[in-house]
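In what follows, a structure is listed as structure tokens, so that the remarks can point back to it.
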Amino acid sequence: MPELPEVEVVRRGLERWVAHRAVAGVEVLHPRAVRRHTAGADDFAHRLKGHRVGVARRRGKYLWLPLEDSGQAVLAHLGMSGQLLVRPHEAPDEKHLRIRVRFADTLTSAAGAAGGTELRFVDQRTFGGLSLHDTSEDGLPDVIAHIARDPLDPLFDDEAFHQALRRKRTTVKRALLDQSLISGVGNIYADEALWRSRLHYDRPTAGFTRPRTLELLGHVRDVMNAALAVGGTSFDSLYVNVNGESGYFDRSLDAYGREGLPCKRCGTPMRRRPWMNRSSYFCPKCQRVPRASS
DNA sequence: CAAGGCTCCTGATAGC
DNA sequence: TGCTATCAGGAGCCTT
């Protein structure tokens, strides 16, 4: 499942392979893939055509391609299974190909290494999608104004995050997944950061001390940077990579998916608990359940 | 208004 | 063998 590190790998691929290319045509093969574009698939395709895309940007799990000199951007979210692939245009369609973007340079010979490729949005479970939006002065698409900066953003405000935790009547994993407080963290990296911090997922945040918040943030950043480092090495020149469905970082996971396996710190069998229509993995010894309190 | 829960979707897998 | 149930889960939206 693509979380911040996976999306950043995709962003780097887009920066390398599609920046400054002009859109020649767009094919929407599944309407659900553009459901956030309320004017519909035809409008999406027509309005994209002819624009040159800029350098891909990212906030949390969202990424977007600015359209040069237009004040607009193509916003992308990969959902659970979305992929943005740069593929030779003659390559056979993927089974779950939803959107195809052709570039003008494939029609000429001036494209160099980028020639002959197109951008494909492939998504099995269709939770992801593309859409076109106006951008604000800082380039942010207007529909994601409510998404907080992510922990790898130099302008992320640690102190404001701490104060938000203190203020809220919530628990720590809910807070980590709340994209309006901190973006880019999903179920996997939440469990990993909590394990590293020795925190139980249901611990209330109201009593967090500043050192506790800062330690948690440190672990969030560490685990994301570690995943990012591995993702970088698996980068393939013809893909805007990240097969979102797990893979390269699996070997490095300390908590997620390790039910019944020994805790890598203390050897106690790890547990899985149903939580918010998903699962939480934790060590029952290292990550004690907080005492019930008001 | 904040917090929690529901729902969209497809395919792999388990169980009978 | 072939069916049904379960699980994976991001985030908008609805309810409490």
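Just so it is clear, the model here is predicted, and its values are computed rather than measured. Chain naming here is simple, since letters A, B, ... match the order of the sequence lines and numbering starts at 1 in each.
Minimum atom distance to the side chain of Tyr256(A) is reached by dG9(C), of the listed dG11(B), dG9(C), dA3(B). In the set dC8(B), dG12(C), dG10(C), dG12(C) carries the atom at the smallest distance from any side-chain atom of Arg36(A). Taking the side chain of Arg32(A) as heavy atoms from C-beta on, and the options dC8(B), dA3(B), dG9(C), the nearest nucleotide is dC8(B).
Asp150(A) contributes no side-chain N or O that, together with a main-chain N or O of Gly184(A), makes up a donor-acceptor pair within less than 3.5 Å. Checked by atom type and distance alone, the side chain of Arg58(A) pairs as donor or acceptor with a backbone atom of Gly60(A) at under 3.5 Å. A donor-acceptor contact shorter than 3.5 Å links the side chain of Glu6(A) to the backbone of Glu3(A).
Summarising the hydrophobic clusters (Ile, Leu, Val, Met, Phe, Trp, Tyr; side-chain heavy atoms under 4.5 Å, direct or chained), the residues clustered with Leu155(A) are none.
A sub-4.0 Å separation between OP1 or OP2 of dG9(C) and a side-chain N or O of Asn277(A) is absent. A close approach under 4.0 Å does occur between a side-chain nitrogen or oxygen of Lys168(A) and OP1 or OP2 of dA3(B). Taking only side-chain nitrogens and oxygens, Ser279(A) comes nearer than 4.0 Å to OP1 or OP2 of dA8(C). Contact between the side-chain N/O atoms of Arg125(A) and the OP1/OP2 oxygens of dA8(C) is not found at any separation under 4.0 Å. Lys95(A) has no side-chain polar atom (N or O) that falls below the 4.0 Å cut-off from OP1 or OP2 of dT10(B). Using a 4.0 Å cut-off, some side-chain N or O of His146(A) falls inside it from OP1 or OP2 of dG12(C). Considering only side-chain N and O atoms, His96(A) lies nowhere under 4.0 angstrom from the phosphate OP1 or OP2 of dC9(B).
Taking the side chain as every heavy atom from C-beta outward, Arg174(A) and Met276(A) approach each other to under 4.5 Å.
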Protein-nucleotides 12-14 of chain B N/O pairs closer than 3.5 Å?
none

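The residue Arg169(A) sits close only to the backbone: its heavy atoms come under 4.0 Å of sugar-phosphate atoms, none of a base. Using a 4.0 Å heavy-atom cutoff across all strands shown, Arg167(A) reaches no nucleic acid atom at all.
A straight line from CG of Leu181(A) to P of dA2(B) spans 11 Å, rounded to a whole angstrom. The distance between atom CD of Glu3(A) and atom P of dG10(C), rounded to the nearest whole Å, is 6 Å. Nucleotide dC9(B) holds its P atom 11 Å from the CZ atom of Arg98(A), rounded to whole Å. dG11(B) atom C1' lies 12 Å from atom CZ of Phe127(A), rounded to whole Å. One atom, CG of Leu177(A), and another, C1' of dG5(B), lie 14 Å apart when rounded to the nearest Å. Following rounding to the nearest Å, Asp178(A) (CG) and dA3(B) (P) show an atom-to-atom distance of 9 Å. The distance from atom CG of Leu176(A) to atom P of dG9(C) is 15 Å, rounded to the nearest whole Å. Rounded to whole Å, the distance from NE2 on His30(A) to P on dC8(B) is 14 Å.
In plain terms, the two heavy atoms of Trp195(A) and Ala255(A) that are nearest each other are CB-CB, 3.8 Å. Closest approach of Gln179(A) and Val185(A) over heavy atoms only: NE2-O, 3.2 Å.
Comparing Thr170(A) and Arg278(A) against DNA chain B, the residue whose closest nucleotide sits nearer the 5' end is Thr170(A). Judged by closest nucleotide on DNA chain B, Met276(A) is the one of Thr126(A) and Met276(A) placed further toward the 5' end.
Residue side chain Arg174(A) does not reach the base of dA3(B) through any donor-acceptor N/O pair under 3.5 Å, judged by distance alone.
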- Query: Yes or no on side chain to side chain donor-acceptor pair (under 3.5 Å) for Arg57(A) and Thr135(A), after CA distance, side-chain angles and deciding distance?
  - Reply: CA-CA 12 Å; Arg57(A) 296 182 57 187; Thr135(A) 54; over 6 Å; no
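Ionic pairing of Arg11(A) and Glu8(A) is present here: one or more N-O contacts between side-chain nitrogen and carboxylate oxygen are shorter than 4.0 angstrom.
At a non-hydrogen distance threshold of 4.0 Å, nothing from residues 58-67 of chain A comes into contact with DNA chain B.
Counting only N and O atoms by type, the side chains of Ser197(A) and Arg203(A) include no donor and acceptor under 3.5 Å apart. If you check the side chains of Glu192(A) and His219(A), you find no donor sitting under 3.5 Å from an acceptor.
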